[in-house]
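Residue numbers start from 1 in every chain, and the chains themselves are labelled A, B, ... in the order their sequence lines are given, proteins ahead of strands. Note that the structure is a prediction, hence the values are computed from the model and not measured.
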Protein chains: 2
Amino acid sequence: MTAADRVYQIIKKRILDGQYPAGSYVREATIGQELALSRTPIREALRRLVSDGWVEAIPHHGARVVAWTQRDVEEVFELRVLLEPQVVRRAAPRIGAERLATLDDLAERMEALCERGDDASVDEIAQLNNRFHAELVAAADSPRLQRLLETIVQIPVSRRSFHRYTRDELHGSMQHHRELIRALSLGDGEWAASVMRAHILAARAAQLRPAASDEEAREPAFRRRLHRA
Amino acid sequence: MTAADRVYQIIKKRILDGQYPAGSYVREATIGQELALSRTPIREALRRLVSDGWVEAIPHHGARVVAWTQRDVEEVFELRVLLEPQVVRRAAPRIGAERLATLDDLAERMEALCERGDDASVDEIAQLNNRFHAELVAAADSPRLQRLLETIVQIPVSRRSFHRYTRDELHGSMQHHRELIRALSLGDGEWAASVMRAHILAARAAQLRPAASDEEAREPAFRRRLHRA
DNA sequence: TCGAGTCGGATTGCATACAACTCTCCCGTG
DNA sequence: CACGGGAGAGTTGTATGCAATCCGACTCGA
């Protein structure tokens, strides 16, 4: 692995961690000094980050961490609603018993963590969920689809996304996983695709909901409407 | 525009022209000498081409022009069938009269060229067709969707693709354009999406058909079946 | 006081030199 | 004769220095 590769991962991690906040500039010389490298590999890493959409290059002025707007989030979900169902549509006739067992294991571990419900558990669920989706993408066996999703999903949102789920929504998400596994084990791509579509739309709804207080999260508007009825 | 940008376009053009054939290596020093530039901007251009999927980087060994397999073509069509309908689905409620007029003009010019049917006209149709699709993508007003399609479609195939169309198929393609314009002018996104889906699937069928002799192209298998029946 | 021009600092863009790595070919050995 | 090891050439990876460009502040003039 070259130095440029390492720098790429380091900067990416720092963006995700919020160490490089949105809108801030990433200076070649600064990072170079810090990592005891010349500007060359840093330049190369920044170029890759630009083409992956993590930072934007302002000519002769620097590389700035991109700021995500509400519209960006909507665009991404719109594409995920198309692409992620296609992942499982392809995966259904291709997936093997071994991978299904892995998915089953991941689902089980997520459910166990879901029962606890504390913040640390939710973080861990997010990680397992990423692995779950990665397994599905691998089963789909389409390098281009994989690459598209990698460049699109860009966990800056989904990193903390599970924290926006209500307990019911989190539970529903676990149900989706189970149903996906059932559909895939039967080789029913359209069933799996439908579940995945619902899965993504649910995530979208949680994400686009105005940042709710805990109060609102436990007693969302639609439920209040139900109670009044 | 920087030197690296120019090099990027030059190399890309040469790959499309077949000047750099698939599987051949693009040497940094060679191009540098030829363009009287140092390796630095060439390196940068090659990295962009790698991330755009035109060449693949073999660590410490060079950048090789990617070779397209049948499977690659199928993968691309599978994604286009998803993404291009989404383009017009979005475009329908957003497109303005001016752009519709442009599309109409392009369709008309393509039809006129279609009547002639010689090789040069087919080449020109291909260019106009690219502009037609570019207008649609612009109307969709989704930078991410635009970028995805740009990295996916990569005219290495579709460059000569129209030459694989039979006269009937070419005519059908023109019909699709007209129907798209009608649907878009009525703001009917689902209609437009359906037409586009058919449009892409037709292109796929023509593309995946085993390379036909002129004989085969004029008298394809399905037509022979019709005659026997 | 406001505006235009200019100068300075900071940053990226590019050129050049050197280091590290990989592959190949050849030679020696079993 | 087959196989392993090592040297060499060629290519990419990295460091460094200089040039070009951009932004902001300051000064000068109206």
Side chain to side chain donor-acceptor pair (under 3.5 Å) partners for A:Arg109, two or more places apart: A:Asp105
Using whole Å, what does the distance between atom P of nucleotide D:dT16 and atom CD of A:Gln33 come to? 12 Å
Flag the pair B:Arg204 and B:Glu78 as a salt bridge only when some basic side-chain nitrogen lies within less than 4.0 angstrom of an acidic carboxylate oxygen. no
How long is the line joining OH of B:Tyr25 and C1' of C:dT22, in whole Å? 11 Å
For nucleotides 5-17 of chain C, give me one character per nucleotide, 5' to 3': B if any protein heavy atom sits under 4.0 Å from the base, S if the only such contacts are to the sugar-phosphate, - if neither. ------SBBSBB-
B:Trp54 six-ring face occupied by B:Arg14 cation (under 6.0 Å, within 45°): no
Is the shortest distance from a Lys or Arg side-chain nitrogen in B:Glu75 or B:Arg71 to a carboxylate oxygen in the other one below 4.0 Å? yes
Any pair with a residue in residues 78-110 of chain A that passes ring-ring contact (aromatic ring centres under 6.0 Å, His included), sequence neighbours left out, goes on the list, sorted by first then second residue, please. none
